**Student:** 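Take this structure, written in structure tokens, and hold onto it; I'll ask about it next.
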2 protein chains.
Amino acid sequence: MDARSKILETATKLFATHGYDSTSLSLVAKDASVSKALIFWHFENKENLYEAVLARTIEPYRIEPERIAGQSVPDQVEHLIDLYYEFVTENVHSVRFFLSLFLRDDKRPDDFFSRVLDLYKHYRELLAGALRAGQEAGIFSPEIEPEAHSALILSSLNGILVQALTGETDVASPERLVKGLKASLVDRLRVQ
Amino acid sequence: MDARSKILETATKLFATHGYDSTSLSLVAKDASVSKALIFWHFENKENLYEAVLARTIEPYRIEPERIAGQSVPDQVEHLIDLYYEFVTENVHSVRFFLSLFLRDDKRPDDFFSRVLDLYKHYRELLAGALRAGQEAGIFSPEIEPEAHSALILSSLNGILVQALTGETDVASPERLVKGLKASLVDRLRVQ
DNA sequence: GTCTATATACAGATAGAC
DNA sequence: GTCTATCTGTATATAGAC
């Protein structure tokens, strides 16, 4: 790997675990086995390096249309839940990173935030659409409001994932909680 | 207020918003209108100050038995949910602080963490107990497992609260989500 | 207890050789 | 492109006067 990529990779790991301020360029240089001066040659200053790291980190944050198409209406809801869950578990480190950015008064470039929020909103709308389609097909109870209920499902899912992210043991496993979520928040809404 | 308390109060605010590393003692001194040397005289070093701040912050984290006693069994579940919600909204700043500590590889003194976790566990057990009592009284469906379901309720609640903590607008309000949570995760479990 | 002045270390950043 | 050496600011921490 070339030096530039090595720096970027090392910095990504360090920024994500220690945050912006607590990550010194001396440490990045040492871990990447390059001189501090080389970091400045490639990225000009610490902030530019940070932005390059953010750009690299957010890269996989997108919805692939082919993955959500083609299901029968009732299965779509559970499938969307699975997709969300899979995405977060596949990107634990960066999700944890972004969540901690949301919580801190840290360096938080607004364009990255709005991109994460847009993605979240998109997901919620897909979920609401599937719920509404299910209602219209007479599968789900007409009592629920699709928008409100999709927000609740995502919130619950986030809660489960935060629990997994913070490494709380001794509670039920994430998989089991998601199963319970589907049972209570999806299956129980079916018209008998 | 005496200088020591002033320092403690100022440091609490600053550590919570900027974190350990990003909070300089020069800033604490300036904001508290004292000299830097006085901080060292009172707290010896930065880490000791931080621990004093943590001890002060965690102080309100306890369950008051009188607040959960005396309800009729079915109402207990919703009451516990309300208590949890109220506690978090009354302590937003420190909850956000602790959550960000859980997410970062920061300074994380294990005894404080285990105290937060114990409290959480206690809450979950109270909730499971209420659910079980409701089942035995024939009010809640025998289908659910109290332990698993109380974990799900708390996870969902956490998800709603994290959303509020991260300041995500444009989604449903926390109050509305909690109402939906109660409807789907509590009321729908009642035997008709 | 509270201050000013200072020691020491390390941060981000630059100069210039190769 | 990559390095060593160095500048400058600011951090934690100490010494010592009052």
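Here is the naming used below: chain letters follow the sequence lines, and residue numbers restart at 1 for every chain. Being a predicted model, the structure only gives us computed values, none of them experimental.
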**Student:** In whole angstroms, how far is the C1' atom of C:dC10 from the CG atom of A:D21?
**Tutor:** 15 Å
**Student:** Nearest-Å distance, CD (A:E47) to P (C:dG12)?
**Tutor:** 12 Å
**Student:** Nearest nucleotide by nearest heavy atom, which residue falls closer to the 5' end of DNA chain C, A:L25 or B:D2?
**Tutor:** B:D2
**Student:** I'd like to know if B:K6 pairs up with B:D31 as an ion pair, taking the criterion as any Lys NZ or Arg NE/NH1/NH2 lying under 4.0 Å from an Asp or Glu carboxylate oxygen.
**Tutor:** no
**Student:** Regarding B:R124 and B:E147, does a basic nitrogen lie under 4.0 Å from an acidic carboxylate oxygen?
**Tutor:** no
**Student:** What does the inter-axis angle of the helix from C:dG1-D:dC18 to C:dC18-D:dG1 come out as, five pairs per end, nearest 10 degrees?
**Tutor:** 0°
**Student:** Are B:F43 and B:Y50 close enough that their ring centers fall under 6.0 Å?
**Tutor:** no
**Student:** Send over the distance from B:K6 NZ to C:dC3 P, rounded to a whole Å.
**Tutor:** 12 Å
**Student:** Specify the residues of residues 31-44 of chain B, ordered by number, for which at least one heavy atom lies under 4.0 angstrom from an atom of DNA chain C.
**Tutor:** B:V34, B:S35, B:A37, B:L38, B:W41, B:H42
**Student:** What do you reckon, is CD of B:E86 surrounded by more than 12 foreign heavy atoms closer than 6.0 Å?
**Tutor:** yes
**Student:** For B:P146 and B:I144, which heavy atoms make the closest approach, and how far apart are they?
**Tutor:** CD-O, 3.6 Å
**Student:** Expressed as a whole number of angstroms, how long is the span from B:Y20:OH to D:dA11:P?
**Tutor:** 14 Å
**Student:** Counting the benzene-type ring for Trp, do B:Y61 and B:F87 have ring centres under 6.0 Å apart?
**Tutor:** yes
**Student:** Work out which heavy atom in B:A3 is nearest to a heavy atom in B:L38; give both atom names and the distance.
**Tutor:** CB-CD2, 3.8 Å
**Student:** Return the value, rounded to whole Å, for the distance between atom CZ of B:R4 and atom C1' of C:dC3.
**Tutor:** 19 Å
**Student:** Round to a whole Å and report the spacing from CG of A:L27 to P of C:dA9.
**Tutor:** 19 Å
**Student:** Could you state the atom-to-atom distance from CG of A:L14 to P of C:dG12 in whole Å?
**Tutor:** 12 Å
**Student:** Could you list the residues that satisfy ring pair (Phe, Tyr, Trp, His ring centres under 6.0 Å) with B:F40, not counting sequence neighbours?
**Tutor:** none
**Student:** Before accepting this row, confirm whether a basic side-chain N of the pair B:K179/B:E78 lies closer than 4.0 Å to the acidic partner's carboxylate O.
**Tutor:** no
**Student:** Can you tell me if the side-chain N/O atoms of B:S24 get under 4.0 Å from OP1 or OP2 in D:dA11?
**Tutor:** yes
